[in-house]
A.B. asks: 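Can you keep this structure in mind? I'll have questions shortly.
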Number of protein chains: 4
Amino acid sequence: MPRTADANSALREKTRERVLQAAVRLFSRHGFDGTSVRALAQEAGIAAGLLYAHFESKEAVLVALMQSSMTDVARTLDDADREPTARDFVTTMLESAVTLLDEHRDLWRLGYGLRHQPEVLARLELPLAQLMHQFHQRLEQALRQRGVREPGIEALLLFATVDGISQQYVQHDGDYPIAAVIRAAASRWPATAPSRKRKADRP
Amino acid sequence: MPRTADANSALREKTRERVLQAAVRLFSRHGFDGTSVRALAQEAGIAAGLLYAHFESKEAVLVALMQSSMTDVARTLDDADREPTARDFVTTMLESAVTLLDEHRDLWRLGYGLRHQPEVLARLELPLAQLMHQFHQRLEQALRQRGVREPGIEALLLFATVDGISQQYVQHDGDYPIAAVIRAAASRWPATAPSRKRKADRP
Amino acid sequence: MPRTADANSALREKTRERVLQAAVRLFSRHGFDGTSVRALAQEAGIAAGLLYAHFESKEAVLVALMQSSMTDVARTLDDADREPTARDFVTTMLESAVTLLDEHRDLWRLGYGLRHQPEVLARLELPLAQLMHQFHQRLEQALRQRGVREPGIEALLLFATVDGISQQYVQHDGDYPIAAVIRAAASRWPATAPSRKRKADRP
Amino acid sequence: MPRTADANSALREKTRERVLQAAVRLFSRHGFDGTSVRALAQEAGIAAGLLYAHFESKEAVLVALMQSSMTDVARTLDDADREPTARDFVTTMLESAVTLLDEHRDLWRLGYGLRHQPEVLARLELPLAQLMHQFHQRLEQALRQRGVREPGIEALLLFATVDGISQQYVQHDGDYPIAAVIRAAASRWPATAPSRKRKADRP
DNA sequence: AATGAATGAGGTTTCATTCAT
DNA sequence: AATGAATGAAACCTCATTCAT
C-alpha cells in the first residue's frame with residue numbers, strides 16, 4: 001500500500017522548502033547563472049534530478065523565490081500606514097523594511113541584482129514595473145493624506161530614499177548605523193498631523 | 001611590409017573600444033553569463049578569436065568596463081565640491097550624477113546588477129568596498145566643511161539618497177521627473193554657508 | 001486479510017495486459033526510446049513503480065510484445081496450408097495476414113521498425129533470423145507440394161511479396177485497395193493442383 | 001592572417017562528410033536514439049562540440065541523411081524507364097535498386113526502420129507520403145505505357161514487391177540469391193512491347 | 001498489489017578558449 | 001592583426017529504476 005497522502009505531501013513540502021532556501025543562499029552569492037543545478041541540489045541535500053520533480057526548471061526556482069519576495073513588499077506600507085504623521089510614517093516604513101531585510105537579506109540581495117537586467121526580467125515574467133507603480137501610488141496617497149505638498153514628487157523621493165538606504169544596509173552587512181540613518185532620514189519629514197480634513201468632511 | 005607602428009596602434013585601440021562598447025550593451029541587457037563571447041564578438045564586428053588578442057578573457061572585458069566606471073564616480077564629487085552650501089553641493093552632485101548616468105546608462109545598470117554578488121566581486125578583484133569607503137570619507141568631509149552636524153550619519157544618508165535616486169532614474173528610462181526630485185532632495189539640506197572657519201583659522 | 005489467490009491473479013493479469021496494450025500504442029508511435037516508463041505507466045493507468053512488479057525492465061515489456069507477435073506469424077501459414085492450389089495458398093495467406101494486421105496494426109508497425117537494427121535485436125535476444133528461416137522452410141515445402149518449380153526461389157519471392165504488401169497496407173492506414181492487390185498478386189501463381197505425386201510415389 | 005576561404009571550406013566539407021558517414025553507420029545499427037552524440041563524434045573522429053558547428057542538432061544529422069536517401073529513389077525509375085517491355089522494366093528497376101542498396105545499405109536500413117514511426121517522421125518534416133505518391137504515379141504511368149492492364153493496382157503490387165525484395169536483400173546481408181529472385185519476380189510481367197499506340201497516334 | 005518520492009547516470013547542447021594559417 | 005575550425009569541460013535536464021511505506 002502506498003505511503004499515506006499526508007506523509008507524501010509533507011515530504012514534498014519539506015524538499016521544496018529546502019531547495020528554495022538553498023537557492024536564496026547560492027543565487028544571492030554567486031548569481032543565478034553562477035549557481036549550477038548540481039550545486040543547488042547539493043546545498044539542498046537532495047539528488048540533482050529530484051529538483052525537477054518540484055520545479056519545472058532552474059529558472060522556475062528563481063521565479064518562485066522572487067514571487068515570494070514581491071508579496072513581502074506591501075507589508076512595509078501596511079505597517080507604516082497606521083502612523084498619523086509623515087515623519088512617523090517614514091520611520092515606521094524604514095524600520096519595517098529593516099526587519100524585512102534582516103529576515104530575508106539574501107533574497108533581497110538577489111532581487112537587487114536582478115532588477116536592472118530587462119531581458120532577464122522579461123523571461124521571468126515578473127510584473128515588476130506594475131508592482132512598483134502600485135507601490136508608488138500607495139506612497140503618494142499616504143503622503144497626501146498626511147498633508148505633504150507635491151505628494152507625487154515626494155513619493156518618488158521617499159521611494160528612492162528607502163530603496164537607497166535598504167541597499168546600503170544590506171551591503172554593509174552588520175556595521176551600519178541604521179537607527180541613526182533612519183532618524184536622520186525621517187527628520188526631513190513633517191512631524192505634525194494634517195488638519196483633519198479628508199474627502200468626507202468638506203463643508 | 002608591416003603597417004606603421006602608429007597605424008597598428010590606432011587599429012588596436014579602435015577594436016578594443018568596439019569590444020568594450022559591445023560589452024556594455026550586451027552585458028547590461030543579458031547579463032555577463034547571458035552574453036557569449038561569440039555574441040560579443042559579433043556585436044563588436046570582429047571574429048571571436050580576435051577578442052583574445054585584446055583581452056585575456058571574457059572576464060577581463062568586464063573588469064575593464066567596471067574599472068572605467070569606478071573612476072567616473074569621483075567626478076560627481078569633484079563637481080559638487082566647488083559649491084559653498086550643502087544644498088548646492090547636493091544639487092550639483094545629483095545633477096552631475098544624472099549627466100554621468102545619461103552618458104553611461106548601460107554601464108551603470110551593469111554595475112548595479114553586480115554590486116550585490118560578493119563572490120562575483122571577489123573574483124573580479126574590484127576594490128569596491130574600499131572605493132565606497134573613500135567616497136564616504138569625502139562626503140563626510142564635504143558636509144562637515146559646510147556646517148552640517150553629524151556629518152558621518154548625514155553622509156551615509158546622502159549617499160543612500162543619491163544612490164536610490166540614481167537607480168530609480170536609470171530604471172525609469174526616460175519618464176522620471178528628475179529635476180523635481182533633485183529639487184525636493186536638495187531642499188532637505190541647509191542653504192546657508194558655514195561661518196568661515198576652516199582647519200587653518202582656529203585660534 | 002489477503003485477497004483470494006484467484007482474485008489476485010486476475011488483477012495481476014489485467015494490469016499486465018493494460019501495460020502491454022499501452023506499450024504497443026506508445027512504442028509504435030514514438031519508438032521504444034521515445035517512450036518513457038512514466039508515460040507508459042500513465043497510459044496504462046498505473047504508477048510507474050508498479051510496472052516493475054510485472055516486468056523486469058522497460059525492455060522486458062518490448063520483448064514480451066515482440067514474442068507475442070512472433071507466434072502470430074505461423075497462423076497465416078496454418079491458414080493457407082489448407083488450400084490445395086498455389087494460387088489459393090497465396091490468396092489465403094495474404095488474407096490471413098491482413099486479418100492479423102487489422103488486429104495488431106501497431107504491434108506490426110513496431111516490429112517493422114525494429115527489424116533492421118541488428119544490435120537492438122541482439123539485445124532483445126529475439127530469435128528473428130531463426131524464425132524467418134523456419135518460415136521460409138515451410139513456405140518452400142508448401143510450394144513444392146503444390147507443384148511449383150524452383151520452390152526455394154519462389155518461396156523467397158512469395159515471402160518478399162507478402163512482406164511488401166503487408167507493409168504498404170499498414171502504412172497506407174485505410175485507403176489501400178488490398179483486395180485488388182491480393183487478387184493481382186495471387187494471379188501470378190498456378191491455379192491447378194499438382195498431380196497427386198509425393199516423394200514416395202516416384203517409380 | 002586567416003586561413004584562405006578555400007582551405008576553410010574544404011575543412012568544413014571534410015568534417016561534415018565524416019559526421020554523415022559515421023551517422024549512417026551508427027544510426028543504422030543502434031538506432032537514432034541508441035546513438036549518443038558522443039559516440040557519433042567519436043566515430044567521426046571529432047570533438048563532440050564540433051558537431052554543432054555543422055548541424056543544428058543530432059536530429060538535423062538524421063534529416064540530412066534521409067534527404068540524401070530520398071533523392072536516390074528516383075534513380076531506379078529513371079534507369080528502368082528506358083526499357084521497352086514491362087518485364088525488362090521490372091528487371092532493370094530491381095537491378096538498379098540492388099545497386100543502390102549495395103552502395104547505401106546502412107542508409108536504407110535506417111530508412112526502413114524509420115518508416116513506420118509516424119510521430120518521428122512528423123518531427124523530421126520529411127515529405128515521405130508525398131514522395132511515395134509521386135513514385136506510385138510514375139510507376140502507374142510506366143506500366144500503362146507498356147500495355148499493362150489495371151496499371152494502378154499493378155503499380156501498387158510492383159511497388160510492394162520491389163520494397164519487399166529490397167528489404168529481404170538488405171536483411172540477409174550477402175547470402176541472398178538476388179539474381180534468381182529478380183528473374184522470378186520479373187517473369188511475372190509481360191515480355192512483349194505494347195503495340196505502338198501512344199496518345200498522339202490514335203486515328 | 002500499489003504508490004510516488006528519490007536516486008544518479010547519462011543525454012544533448014553551449015561555450016570560453018586555443019591554434020593553424 | 002585577424003579568422004574561424006576545433007576542443008573539451010560543464011551546463012541543464014530526463015529517465016529507468018529503487019525503495020519506504
Side-chain angles (χ1 to χ4, degrees), chain A residues 1-5 7-12 14-16 33-41 45-59, chain B residues 2-3 7-9 11-12 14-15 33-41 46-59, chain C residues 2-3 7-9 11-12 14-15 33 35-41 46-59 61, chain D residues 1-5 7-12 14-16 33-41 45-59:
Chain A
M1 216 174 294
R3 254 186 283 254
T4 67
N8 259 333
S9 193
L11 227 47
R12 278 191 74 81
K14 199 187 84 191
T15 301
R16 191 189 147 92
D33 291 294
T35 304
S36 74
V37 168
R38 245 196 276 289
L40 183 49
I46 61 168
L50 183 54
L51 192 142
Y52 292 87
H54 294 266
F55 298 91
E56 264 201 343
S57 62
K58 182 173 124 176
E59 200 173 278
Chain B
R3 270 181 279 255
N8 250 338
S9 178
L11 254 172
R12 269 194 77 80
K14 204 186 87 192
T15 301
D33 292 291
T35 304
S36 73
V37 168
R38 200 92 73 208
L40 182 50
I46 62 169
L50 182 54
L51 193 142
Y52 291 84
H54 294 267
F55 297 90
E56 258 202 346
S57 65
K58 179 174 138 180
E59 203 172 273
Chain C
R3 270 181 278 256
N8 249 338
S9 180
L11 254 172
R12 268 194 77 79
K14 203 185 87 191
T15 301
D33 291 293
T35 304
S36 72
V37 168
R38 198 93 72 210
L40 182 50
I46 62 169
L50 182 53
L51 193 142
Y52 290 85
H54 294 266
F55 297 91
E56 257 202 348
S57 64
K58 180 174 138 182
E59 203 173 272
V61 179
Chain D
M1 217 175 296
R3 256 187 282 255
T4 67
N8 259 334
S9 193
L11 228 48
R12 277 191 74 81
K14 200 188 80 192
T15 302
R16 191 189 146 90
D33 291 295
T35 305
S36 74
V37 168
R38 249 195 274 288
L40 183 48
I46 62 169
L50 184 53
L51 193 143
Y52 292 85
H54 295 266
F55 298 92
E56 264 202 344
S57 62
K58 182 174 131 179
E59 199 173 279

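Residue numbers begin at 1 in each chain, while the letters A, B, ... track the order of the sequences. Just so we're clear, the structure is a prediction, and the values are computed from it rather than from any experiment.
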A.B. asks: Both C:Leu50 and B:Ala53 contact DNA chain F. Taking the nearest nucleotide for each, which residue is further toward the 5' end?
C.D. replies: B:Ala53
A.B. asks: If you assign A:Ala48 and C:Ile46 each to the DNA chain E nucleotide with the nearest heavy atom, which residue ends up on the more 5' nucleotide?
C.D. replies: C:Ile46
A.B. asks: Take the protein atom CG of C:Asp33 and the nucleotide atom P of E:dT12, then report the distance between them rounded to whole Å.
C.D. replies: 10 Å
A.B. asks: To the nearest Å, give me how far apart CZ (A:Arg16) and P (E:dA6) are.
C.D. replies: 13 Å
A.B. asks: Would you mind classifying the nucleic acid contact of D:Arg38 as base, sugar-phosphate or nothing, using non-hydrogen atoms under 4.0 angstrom?
C.D. replies: base
A.B. asks: Roughly how far apart are B:Leu51 CG and B:Arg38 CZ, rounded to 0.5 Å?
C.D. replies: 11.5 Å
A.B. asks: Checking A:Arg16 side chain against A:Leu11 main chain: does a donor-acceptor pair fall under 3.5 Å?
C.D. replies: no
A.B. asks: So what does A:Val37 hit on the nucleic acid, given a heavy-atom distance under 4.0 Å: a base, only sugar-phosphate, or nothing?
C.D. replies: sugar-phosphate
A.B. asks: Side-chain N or O of B:Thr15 versus OP1/OP2 of F:dA1: is the shortest distance under 4.0 Å?
C.D. replies: no
A.B. asks: Rounded to the nearest angstrom, tell me the gap between atom NZ in C:Lys58 and atom P in F:dT18.
C.D. replies: 14 Å
A.B. asks: Heavy atoms only: give me the nearest D:Ala41-D:Ala48 pair and the separation to one decimal.
C.D. replies: CB-CA, 3.5 Å
A.B. asks: Can you check the B:Phe55 CZ to F:dA1 P distance for me, whole Å?
C.D. replies: 13 Å
A.B. asks: Determine whether a donor-acceptor pair (N or O, by modelled atom type, separation under 3.5 Å) exists between the side chain of A:Arg12 and the backbone of A:Ala53.
C.D. replies: yes
A.B. asks: Atom CZ of D:Arg12 to atom C1' of F:dT3: distance rounded to whole Å?
C.D. replies: 13 Å
A.B. asks: Quickly work out the B:Tyr52 OH to F:dG4 C1' distance and round it to whole Å.
C.D. replies: 14 Å
A.B. asks: Could you grab the distance from atom CG of D:Leu40 to atom CD1 of D:Ile46, nearest 0.5 Å is fine?
C.D. replies: 7.5 Å
A.B. asks: Closest heavy-atom contact between D:Thr35 and D:Lys58?
C.D. replies: O-NZ, 2.6 Å
A.B. asks: Expected output check: what is the dot-bracket annotation of DNA chain F, where ( ) and [ ] are pairs inside the strand (brackets for crossing ones), | is paired with another strand, and pairs are Watson-Crick or G-U under 3.5 Å?
C.D. replies: .||||||||||||||||||||
A.B. asks: With A:Glu59, which residues qualify under salt bridge (Lys or Arg N to Asp or Glu O under 4.0 Å), at least two apart?
C.D. replies: A:Arg123
A.B. asks: Any base atoms under 4.0 Å from D:Ser9, or only sugar-phosphate, or nothing? Heavy atoms, all strands.
C.D. replies: nothing
A.B. asks: When all nucleic acid strands are considered with a 4.0 Å heavy-atom cut-off, which category describes D:Leu51: base, sugar-phosphate, or nothing?
C.D. replies: nothing
A.B. asks: Provide, to the nearest angstrom, the distance between the CG atom belonging to D:Leu11 and the C1' atom belonging to F:dG4.
C.D. replies: 10 Å
A.B. asks: If you assign C:Glu56 and D:His54 each to the DNA chain F nucleotide with the nearest heavy atom, which residue ends up on the more 5' nucleotide?
C.D. replies: D:His54
